[in-house]
There are 2 protein chains.
Amino acid sequence: MRIGELAKQVGCDVETVRYYEREGLIAEPERDQSGYRSYGVSHLETLQFIRHGRSLGMKLVEIRQLLNFRHHPDGDCSGVDALLDVQLERIEEQIAAMGTLKEQLIALRAECEQRQTNRGCGIMRSLNQAVQIRQCPCHRDESV
Amino acid sequence: MRIGELAKQVGCDVETVRYYEREGLIAEPERDQSGYRSYGVSHLETLQFIRHGRSLGMKLVEIRQLLNFRHHPDGDCSGVDALLDVQLERIEEQIAAMGTLKEQLIALRAECEQRQTNRGCGIMRSLNQAVQIRQCPCHRDESV
DNA sequence: GCACACCCTGTAGTAGCTACAGAGTCAAGA
DNA sequence: TCTTGACTCTGTAGCTACTACAGGGTGTGC
């Protein structure tokens, strides 16, 4: 199959497929007599693997590691498990950080309830201050 | 004050200050006789404003808008309020998306409980499948 | 006079694509 | 047979918000 068909099957862009090839994530395919890339099932599978990982928020370096494990099917899968654990840890950290950010934004938003000029707006006044723990409304509750 | 002092006061890198200048976020400062940038209080305040916004997850385009509002102190601050509301909306969306991702990762992680080869590992087997709603364990509960 | 910290400009790199330009190829219809 | 449109090719530049040099000049304290 040609690159357009492949991209369609996995639901990504043609350019993305070529990008993965350049990055060495998928093997260089054969070319037909016109110089067009010609893909087989194994390419499709690898590409699905990559896109599946990406859909779970994995980075390409991590997917590269997983592909490495995949090339050693008889190896112990503890590396895979560890990689997943790292993903989970990271996403939990991100969720926590975002939660903090949300609280900060809510506190800041509350500084301007009624219509004001930009000069008088509590949000603008707060932003004009340095980020200081326990000083500006959005960073008031932050721990030191 | 010189760039090093300025950067220290707001807690960012010297290169970042120069970057903001290139981007037009802070005004070009005067130069002393050696060609060194010479900053005043207004530069410090603008930089604090920018860093404060960044610490709240705002993008530079958004901060640019806020700086614009700041240049019109007598204007109505509804634009500021709206911008904050967009921030909040965005972060709530992100938190929700991350929550989904976390559930997916947990489901995937559960596919491999005991030690296996890479070939037999439930995680690897799932990743080999296409991302299919209600088909792979991590995307089983996703809505269509 | 020297060492060392600071400053300058300009350029390249990061992540993961996306979006062209400019050219070639293929298949179907008039 | 000619043309049209969809596809493919390579190579390069752009996106975000910095960060990290290289290679050079300047300022200060001892």
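- In this structure, CE of A:Met1 is placed 16 Å from C1' of D:dT8, rounded to the nearest angstrom.
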List the atom pairs, with distances to 0.1 Å, where a side-chain N or O of residues 17-25 of chain B and a protein N or O form a donor-acceptor pair under 3.5 Å, not counting sequence neighbours.
residue: B:Tyr20; atom: OH; partner: B:Arg51; partner atom: NH1; Å: 2.7
residue: B:Glu21; atom: OE1; partner: B:Arg37; partner atom: NE; Å: 2.7

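- Between the A:His43 side chain and the A:Ile26 main chain, no donor and acceptor come within less than 3.5 Å of each other.
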Hey, what are the protein-to-nucleotides 22-25 of chain C N/O distances that come in under 3.5 Å?
residue: C:dG24; atom: N2; partner: A:Tyr36; partner atom: OH; Å: 2.8
residue: C:dT25; atom: O4'; partner: A:Tyr36; partner atom: OH; Å: 3.0
residue: C:dT25; atom: O3'; partner: A:Ser34; partner atom: OG; Å: 3.0

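- Cluster annotation: A:Tyr39 is connected to A:Leu47 through the hydrophobic network of ILVMFWY side chains, with a link wherever side-chain heavy atoms come within less than 4.5 Å.
- As rounded to whole Å, 12 Å separates atom P of C:dC17 from atom CZ of A:Arg64.
- Of the residues in residues 44-54 of chain A, those lying under 4.0 Å from DNA chain C by heavy-atom distance are A:Arg51, A:Arg54.
- B:Gln33 has its CD atom 15 Å from the C1' atom of C:dC6, to the nearest Å.
- With sequence neighbours excluded, the residues that form a side chain to side chain donor-acceptor pair (under 3.5 Å) with B:Asn128 are A:Arg70.
- A:Leu56 places its CG atom 16 Å from the C1' atom of C:dG16, with the value rounded to the nearest Å.
- Remark: A:Arg119 pairs with A:Thr117, B:Pro73, B:Asp74 by the side chain to side chain contact (heavy atoms under 4.5 Å, CB included) rule, at least two apart or across chains.
- Atom NZ of A:Lys59 is separated from atom C1' of C:dC17 by 16 Å (rounded to the nearest Å).
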For residues 6-14 of chain A, which side-chain N or O atoms pair as donor and acceptor with protein atoms under 3.5 Å away, sequence neighbours left out?
residue: A:Gln9; atom: NE2; partner: A:Glu5; partner atom: OE2; Å: 3.1
residue: A:Asp13; atom: OD1; partner: A:Glu15; partner atom: N; Å: 3.1

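- Partners of A:Ser42 by side chain to side chain donor-acceptor pair (under 3.5 Å), not counting sequence neighbours: none found.
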Donor-acceptor list for residues 83-95 of chain B side chains, cut-off 3.5 Å, not counting sequence neighbours:
residue: B:Asp85; atom: OD1; partner: A:Arg109; partner atom: NE; Å: 2.7
residue: B:Gln87; atom: OE1; partner: B:Arg90; partner atom: NH2; Å: 3.0
residue: B:Gln87; atom: NE2; partner: B:Glu62; partner atom: OE1; Å: 3.0
residue: B:Gln87; atom: NE2; partner: B:Glu62; partner atom: OE2; Å: 3.3
residue: B:Arg90; atom: NH1; partner: B:Glu62; partner atom: OE2; Å: 2.8
residue: B:Arg90; atom: NH2; partner: B:Gly57; partner atom: O; Å: 3.4
residue: B:Arg90; atom: NH2; partner: B:Glu62; partner atom: OE1; Å: 3.3

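- Distances shown here put every side-chain N or O of A:Arg37 at or beyond 4.0 Å from the OP1 or OP2 atom of D:dT8.
- Partners of B:Thr100 under the side chain to side chain donor-acceptor pair (under 3.5 Å) rule, at least two apart in sequence or in another chain, do not exist in this structure.
- For DNA chain C, the neighbouring residues in residues 2-23 of chain A, judged by any heavy atom under 4.0 Å, are A:Asp13, A:Glu15, A:Thr16, A:Tyr19, A:Tyr20.
- Each ring pair (Phe, Tyr, Trp, His ring centres under 6.0 Å) pair with one or both residues in residues 56-113 of chain A, not counting sequence neighbours, would appear here, but there are none.
- For the pair A:Met58 CE and C:dC17 P, the interatomic distance rounds to 14 Å; values are reported in whole Å.
- Partners of A:Ser55 according to the side chain to side chain donor-acceptor pair (under 3.5 Å) rule, which considers only residues two or more places apart in sequence or in another chain, are B:His139.
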